[in-house]
Amino acid sequence: MSGRRLNDPAELAARIRKGDRAALARGITLVESSRADHQAQAQALLTMLLPDTGHAVRLGLSGAPGVGKSTFTEAFGTYLTGQGYKVAVLAVDPSSSLSGGSILGDKTRMELLARDPNAFIRPSPAGRTLGGVARRTREAMLLTEAAGFDVVLIETVGVGQSETAVADMVDMFLLLLSPGGGDELQGIKRGIMELADLVVVNKADGDLVPAARRAAMEYKAALHLMRPKSAHWRPDVLLASALKGIGIVEIWEAVSAYHKALGEAGEIASHRATQAQAWMWTEIREGLLTSLKANNEASRLIPALEAEVKAGKTTPTLAAQRLLALVFGRSGG
Ligand code: GDP
């Protein structure tokens with residue numbers, strides 16, 4: 001494959017549509033690049049491919065480190081490719097630029113899937129802001145859809161805002177938990193439980209089966225107290241053992257049932273439309289912040305204004321207006 005021709009977005013788009021993996025990888029590299037020329041090429045590419053997107057089941061997967069996300073992805077992904085589906089696995093991990101890329105970076109627990117011709121695994125892009133990392137993953141998701149992937153699984157670590165970012169780009173959000181029971185329930189932020197369309201208690205094998213059953217009952221009770229996100233779906237709790245391959249079929253059945261119910265109600269489409277609109281505003285916010293930081297005068301002024309605001313010498317509103325005026329040439333508000 002000629003690298004030169006892959007610099008042409010139209011050529012790249014044609015190859016991605018045919019499912020060419022090298023072209024897909026190249027497209028994602030463009031999307032992830034911070035170089036202005038790459039960004040322009042990436043946007044040209046995405047614009048051409050937009051009509052080819054939207055056909056995948058978009059799944060989010062979250063869980064604390066060690067709960068079994070990689071093991072689950074291997075089991076679930078190979079089950080799906082065995083059923084004839086093409087599966088893409090992406091990740092959102094804003095800490096990866098600090099930690100050197102943990103999530104999906106180590107594929108030893110996904111040996112089969114990593115070698116599967118019908119699977120495509122891409123670790124989290126590096127990035128300093130969650131917004132930047134999330135955007136790149138969203139755009140990578142669109143490219144994998146255009147390349148004909150049927151299921152896109154987007155993973156994140158269960159440690160904060162990245163769950164919300166992932167929930168904002170998928171159709172269905174899976175929360176993976178371990179059989180820790182009540183103690184663990186305390187530690188899980190209520191907000192994360194509220195995001196879940198399906199809770200999976202993993203490691204329901206061997207000695208852990210009774211604890212997993214107890215935990216599942218507690219999570220069910222907790223979910224029952226929450227207002228469902230859709231009138232057409234009640235979040236459920238399933239038991240699984242990613243290690244032993246138990247419960248994988250049932251999880252896929254639940255995902256399919258969810259997609260069917262919400263799809264028929266028109267909610268998948270309306271949800272995606274709302275997500276795209278919200279994404280535009282996220283981009284506007286990110287863009288404004290970038291312009292602000294790129295403005296020399298403003299960036300020189302920021303530390304002083306921050307100090308004044310902290311010391312109570314000026315109001316946050318006035319400080320913000322001064323900075324915005326430098327970017328827009330007038331005071332805001
Ligand atoms: P991640 O950090 O969430 O990606 O978790 P990993 O997939 O790396 O798994 C963490 C540890 O839990 C590993 O030692 C796995 O072998 C183990 N593990 C994962 N799934 C299961 C399971 O279903 N049952 C048991 N008993 N152990 C599991």
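Counting convention: from 1, in listed order, for ligands and their atoms alike. We number each residue from 1, following the sequence as shown.
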ask   = Short list, please: which atoms of ligand 1 are under 4.0 Å from a heavy atom of Pro65?
value = 2 (O)

key: Residue and atom name of the nearest protein heavy atom (relative to atom 7 (O) of ligand 1), distance in Å to one decimal   = Thr71 OG1, 2.6 Å

remark   = closest protein heavy atom to atom 12 (O) of ligand 1 is Lys203 NZ, 3.2 Å

inquiry  = Strictly below 4.0 Å, N to O, side chains only: are Arg58 and Glu145 in salt-bridge contact?
reply    = yes

inquiry  = Looking only at protein heavy atoms, which one is nearest to atom 8 (O) of ligand 1, and what is the separation?
reply    = Arg109 NE, 2.6 Å

query = Less than 3.5 Å between some nitrogen or oxygen of Gly68 and one of ligand 1, yes or no?
reply = yes

message = Distance check, rounded to the nearest 0.5 Å: Asp236 atom CG versus Leu223 atom CG?
response = 8.0 Å

ask   = Side chain, backbone, both or neither: which part of Leu243 has a heavy atom under 4.0 Å from ligand 1?
value = both

remark   = Counting from 1 in the order shown, the ligand 1 atoms closer than 4.0 Å to a non-hydrogen atom of Ala64 are 3 (O)

ask   = If you look at every heavy atom in Asp20 and Ala23, which pair is closest and at what distance?
value = OD1-N, 3.0 Å

note = shortest atom 10 (C) of ligand 1-to-protein heavy-atom contact is with Gly66 O, 3.5 Å

request  = Kindly state each residue pair satisfying salt bridge (charged side-chain N to carboxylate O under 4.0 Å, His left out) with at least one member in residues 79-89, sequence neighbours excluded.
outcome  = none

task = Would you check if there is a donor-acceptor pair between the side chains of Asp93 and Ser124 at a distance under 3.5 Å?
result = no

request  = For a side-chain contact (heavy atoms from CB on, under 4.5 Å) with Phe149, tell me which candidate from Asn118, Leu143, Val57, Leu24 qualifies.
outcome  = Leu24

ask   = How does Asn202 reach ligand 1, if at all, at less than 4.0 Å between non-hydrogen atoms: by side chain, backbone, both, or neither?
value = side chain

key: Residue pairs fulfilling salt bridge (charged side-chain N to carboxylate O under 4.0 Å, His left out) with at least one residue in residues 237-252, sequence neighbours excluded   = none

ask   = For atom 26 (N) of ligand 1, what is the nearest protein heavy atom, given as residue, atom name and distance?
value = Asp205 OD1, 3.0 Å

ask   = Any heavy atom of Ala242 sitting closer than 4.0 Å to ligand 1?
value = yes

query = Side-chain donor-acceptor pair under 3.5 Å between Ser62 and Glu163, yes or no?
reply = yes

